Asker: 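Take this structure first; my questions come after.
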Amino acid sequence: MSTYWRRLLFFGFLLGAIPVFLIGLLSYYIAAGDIEAKVEEGNRQILHQTQMRVEQVLKTLELSAIQYVNSAVVTASVHQELTPKQFDTVRDLSKGLYHLQTLTGISEAYLINLEKDWLLSYRLFTKLSTHSEKEKLLSYADAPTSLFWETLQDDSTEPDRRTIRMVLKIPTVPLTGSPREMLIVDLLNSEVKQLIANREKLGVHYILDKNGDNILSESGSDQLEAIQSAIIERAGQEQEGSFRTTAGGKDMSVTYLVSPYNDWTYVSVVSRDDITFESRKIAVITWIVCLLIFVLIWVVAFFGSRRMYSPVRRLLEYSKRMEGSGLGTVLKDEFTFIEERLRRLSVRGKELQDQVKGQYAQLKEFFLMKLLSGQVSEQDFVERSQVYGFPVHWHRLAVLTLQIDTLQDTRYREHDRELLLFAVNNMVGELLPPASRFNPIVLEQSQVTIMVSNTTDEIRLKEELHRAAEEIKSKVSEFLQLKVSIGISHPYEKITGSMKAYRESLQALKCRLSLGDDIIIHFQDIIAQQDVNAATFNQMKLHEDQLVESLKTGEPVRVKMGFEQYIALIVSKEISFADYSPLMVQLIAKVYQLVQEQGGSIPKVLGPKASLESFMKLTTLHEITVWFEQDLLGPVARYLNEQSETQYHDIANRMVKLIHEKYAEDFSLEACAAQLNFHPVYLSRVFKKETGVNFSDYLAEHRMSIAKQWLEKTNDKIADIADRLRYTNTSAFIRTFRRIVGMTPGQYREQFRRG
C-alpha cells in the first residue's frame, strides 16, 4: 500500500468513526439522563398520588370526628359527672365512638372529659385519673392547636399494630384556656402503609412525620436512616425536590414532597443501580451498533480511498512515463514526484507562452467581453492589465456603444452588418488615441469602447465624451455612408462597473424609438426625462396612501371617493391601458399588506376572485373598476370593520374586569386609561358603544351592587360601607344608592331583613 493511499484510508476512517463515536456516546448519556428524569418524575407523581390518598383518609376521619363532637350527646356531656350507672348516656356516647370504628384502620378511640375526670373508649369507661396513660393524655391539652396528629413510637408493639393518633380538643373553636373535653382516635400504621404499598413501582416509598420520624417502616433500614437527616434538612428549605446521596455504599436518588396539610414528608428512595439498569442495556446495544458501523466505515473507507487514489495513481504512472521512468521506482511521496514533473512542465509552458504572444489581440478581445459581462474581478483585472497593456490609471471611465440604425436605402445588405461593425471597430481604434481607451470590440450587434479620462470636471468630461462620439459618427458617415447612433453611459470609477455601464449605454440607445435615428444620447439625459414623469407616479402614490388610510379608519364614503379620484387621475393623465396593470399592482399590494397586518389571510379574507391572477385577466377599465370595488376594497372594508368590533369588545371587557377588581379604590376613567395605554376619550366612547352605559354609571352601579351585598350579609355601619367604597362622605353614597336602587341603604337593609 502506497504512502498517500494509507494516509487517505486512515483519514477517511477517522472522518467517519469520530462522529459515530461521539454520537453514540452522546446518545447514551442523553438516554440515561432521560430514563433517570422519567423515573424521578414518575416517583414524584406517585408521591403526589400517595399524599392525596393518605390525606383523603385523614380528612375523612377528621370530618367524622368533628361531626361526632358537635353532636348533641357530646355537647351535653361536657358538664356531666358520668358514672357507670348512667348507662343511657354512656351508651349514647359509645354509639358515636363505634360509628367512628366503621372507618377502616381505627384501632382505638377515647372521649375524655378533663373537667369531670372520666374517660370513655371502645373497651372501658373509667376515671381519667386512674388510666395508665393519664400523663400523656393530659399533655395533649397543652398543645397549641385544636386538632393535630401524633405518631406513636412503641417498639414493643407489633409493626402492623403501631398507630397514628389524632387529637381533637372540645370545643373545636380556638381556645384561650384549657379544653373541657378531648376526642383521641388511633389509626393503624398498616392502614396508611397499605395506601402506598400498591403504588410502588421502583424503590422504597415511606412517610416522615413533622418530627422527622418514619411513620411506616419497622426502624430496621440503616440506609433509610442514613439519608433521613439529609431529607429533613432539605425539606426545611424547599417543600419539594430531588437529590442524590450515598447510603450503605450505594448511590441513591431521593425524591421528597412536604405536605402543607400536616407537615408530613412523603419520600421515595431509589438505587441508581436500578435506574441505570435499562440505560446499561442501551449502552451495550449502542456500542454493538457502533462497532458494526466502524466495520462498515472501514470497508467504505477502504474502497472509497482506493477509488479516490486511482486518479493519483494514474497521474503518477503518467508522470513516470513522461520521464521514461519504470513503474518500479521507489518513492517517498507520490506528490513530491508529481510536483517535480509539473515544475519541469512549467518551464516548458513558458516557452509555449512566447509562441502565443501573436494571439494577444484575440485574448484581449475575449477578456474585454468577459469584463462587460461582469465575469472579471478587480484582482483579475490588475493581474491581466499589465500583460495586455490596458490603461491602469484614470479618474473616470465611460462606455460608448455604437449601433447601425438601418441598412435600408444603402448599398449594403443585412448580411453585411457584421462586416460593417468590424470596419467601424477598426475606425474607432484608429480615431481614438490608445491612452484614452481600451481596445474596441464588437459585441453582438454593437461596437463597444471603454473610454478613459483623467478629467475631474463632470461637464468637461461629458463634452469630451460627446466630441469623441461625434468624431466617430461623422467619420462613419463620411467613409461608409451609414447612419449610426451612439449611447454613452454614466461615468464610473471602478473597472467592475463596466457591465452596468454597458447596459446603461444600451438603455440610452433605446430612446431612438421616440427620438429618432442618427443621434448621440447620454444616459444622464434619460434620467432627467424620467424625473419629469416621476411627478405623475408620485401623485398616484399619494392617492394610494390616502385610499389605504381610509380603509384603516373604516370610512366607506372616503374609500369610495378616494378610489374614484384614483381612477380619474389615471384617465386624466392619459395613461395607456397597457400601463394600468403595473400601476395598480402597487395599490393591490398595499391593500394585501393591510390585511396581513391585521392578522388576516389573503385567500380566506378576500377569496379567489381578489387574486392577482384574476386581476391580470381583466381587459377594460370598467372591469378593473368593478373588480376593485366589489372583489377587493369591499371585502377588505368589511373585514377591517369586524376586526375593529372585536378589538372594541376586548377593550370593554378589560375595562369591566378592572372595575370589578378596583371598585374599592380611587378608580376613575383616567386611571383606567393610564393602565390600558389608551386615551380616556377613546375608552369612554368604546365603553359606551359596547355596554350601552357610561363608565362612571357602570362603576357606580357595580359599587351599589357590592353595597347591597354588604347590607344583606353584614351589620357594618352605612358610613363604614361608604368609606370602603371610596365615597368622600356618607351623604353622597346615600344619594347615589337612592338614585340607583330607589331607596336609602337603611331602608334596603330593613326591607331585606323583613323579607
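Only a predicted model underlies this, so the values are computations on that prediction, with no experimental measurement involved.
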Asker: Are more than 12 heavy atoms from other residues, nucleotides or ligands located less than 6.0 Å from atom CD of Glu41?
Answerer: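 Enclosed.
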Asker: Centroid separation under 6.0 Å, is that true for the rings of Tyr698 and Phe687?
Answerer: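 They qualify: ring centres under 6.0 Å apart.
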Asker: Suppose we screen for ring-ring contact (aromatic ring centres under 6.0 Å, His included). Which residues come up paired with His660, at least two apart in sequence or across chains?
Answerer: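 Per chain and number, His660 pairs via ring-ring contact (aromatic ring centres under 6.0 Å, His included) with His702.
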Asker: Cut-off 3.5 Å, side chains only: do Thr163 and Asp186 have a donor facing an acceptor?
Answerer: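 Result is no, nothing qualifies.
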Asker: Minimum heavy-atom separation for Ser259 to Gln51, with atom names?
Answerer: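 Looks like OG-NE2, 3.4 Å.
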Asker: Look at the side chain of Arg703 and the backbone N and O of Tyr663, then say whether any donor-acceptor pair between them is shorter than 3.5 Å.
Answerer: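 Between the backbone of Tyr663 and the side chain of Arg703 there is a qualifying donor-acceptor contact (under 3.5 Å).
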Asker: Tell me if the CZ atom of Arg44 is crowded by more than 12 foreign heavy atoms within 6.0 Å.
Answerer: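 Yes, CZ of Arg44 has more than 12 neighbouring heavy atoms, counting only those of other groups under 6.0 Å.
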Asker: Of all the heavy-atom pairs spanning Asp716 and Arg749, show the shortest one and how long it is.
Answerer: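 In this case the closest contact between Asp716 and Arg749 is O-NH2, 2.9 Å.
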Asker: Given 3.5 Å as the limit, does a donor-acceptor pair link the side chain of Arg738 with the main chain of Thr744, or not?
Answerer: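 Not a single qualifying donor-acceptor pair exists.
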Asker: Determine, for Trp149 and Arg165, whether the Lys NZ or Arg CZ falls below 6.0 Å from the six-membered ring centre while staying within 45 degrees of the axis.
Answerer: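 Because its charged atom misses either the 6.0 Å distance or the 45° angle limit, Arg165 does not stack over Trp149.
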Asker: Any sub-3.5 Å donor-acceptor pair from Lys116's side-chain atoms to Val78's backbone N or O?
Answerer: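 No.
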Asker: Both conditions, 6.0 Å and 45 degrees, for the charged tip of Arg234 above the ring of Phe243: are they met here?
Answerer: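 Because its charged atom sits under 6.0 Å from the ring centre and within 45° of the axis, Arg234 does stack over Phe243.
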Asker: Could you check whether any side-chain N or O of Thr130 sits under 3.5 Å from a backbone N or O of Lys127, counting only pairs where one atom can act as donor and the other as acceptor?
Answerer: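 Checking the backbone N and O of Lys127 against the side chain of Thr130, a donor-acceptor pair under 3.5 Å is found.
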Asker: Taking side-chain hydrogen bond (donor to acceptor under 3.5 Å, both in side chains) as the test, write out the residues that go with Arg754, two or more places apart.
Answerer: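 For Arg754, the residues satisfying side-chain hydrogen bond (donor to acceptor under 3.5 Å, both in side chains) (neighbours in sequence not counted) are Glu750.
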Asker: Any side-chain to backbone donor/acceptor pair from Tyr266 onto Thr50? Under 3.5 Å, distance only.
Answerer: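 No: the side chain of Tyr266 does not pair with the backbone of Thr50.
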Asker: If every non-hydrogen atom of Met655 is compared with every non-hydrogen atom of Leu669, which pair is closest and at what distance?
Answerer: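 Closest approach of Met655 to Leu669, heavy atoms only: CE-CD1, 4.1 Å.
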Asker: Report, as yes or no, whether the 6.0 Å neighbourhood of atom NE2 on His48 holds more than 12 heavy atoms from other residues, nucleotides or ligands.
Answerer: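 Yes, NE2 of His48 has more than 12 neighbouring heavy atoms, counting only those of other groups under 6.0 Å.
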Asker: Output, in order, the C-alpha distance, side-chain angles, deciding distance and verdict of salt bridge (Lys or Arg N to Asp or Glu O under 4.0 Å) for Arg724 and Glu665.
Answerer: CA-CA 8 Å; Arg724 288 165 64 187; Glu665 302 177 9; over 6 Å; no
Asker: What pair of heavy atoms forms the shortest contact from Trp118 to Ser77, and how long is it?
Answerer: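 That would be CZ2-O, 3.7 Å.
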Asker: Does CE in Met52 sit with more than 12 non-hydrogen atoms of other residues, nucleotides or ligands closer than 6.0 Å?
Answerer: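 For Met52, atom CE is not crowded (no more than 12 foreign heavy atoms under 6.0 Å).
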Asker: Might you point out which heavy atoms bring Leu183 and Ala65 nearest each other, and give the distance in Å?
Answerer: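 Here Leu183 and Ala65 meet closest at CD2-CB, 3.7 Å.
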Asker: With respect to Leu47, which candidate in Val267, Thr265, Thr255 satisfies the side chain to side chain contact (heavy atoms under 4.5 Å, CB included) definition?
Answerer: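 Of the listed residues Val267, Thr265, Thr255, the side chain to side chain contact (heavy atoms under 4.5 Å, CB included) partner of Leu47 is Thr255.
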Asker: Between Asn70 (side chain only) and Ile66 (backbone N and O only), is there a donor and an acceptor less than 3.5 Å apart?
Answerer: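 Judged by distance alone, yes, a pair lies under 3.5 Å.
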Asker: Does Lys169 make a cation-pi contact with Tyr140 (under 6.0 Å, within 45 degrees of the axis)?
Answerer: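 The answer is no; the distance or angle limit is not met.
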Asker: Taking NZ, NE, NH1 and NH2 as the nitrogens, is one of them in Arg739 or Glu701 under 4.0 Å from a carboxylate oxygen of the other?
Answerer: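 No, no charged N to carboxylate O under 4.0 Å.
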Asker: To check you understand the geometry: which heavy-atom pair defines the closest contact between Ile718 and Gly746, and what is its length?
Answerer: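 In terms of heavy atoms, the two residues are closest at CD1-N, 3.6 Å.
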Asker: Taking Asn694 for its side chain and Asp697 for its backbone only, find out whether a donor-acceptor pair lies under 3.5 Å.
Answerer: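 Judged by distance alone, no pair lies under 3.5 Å.
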Asker: Can you label the angle between the Phe752 ring and the Tyr748 ring as parallel, tilted or perpendicular, going by 30° and 60°?
Answerer: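 Rings of Phe752 and Tyr748: parallel, under 30°.
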Asker: Exactly one of Leu120, Leu138, Asn113 should register a side chain to side chain contact (heavy atoms under 4.5 Å, CB included) with Leu128. Which one does?
Answerer: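 So the option named by the test is Leu138.
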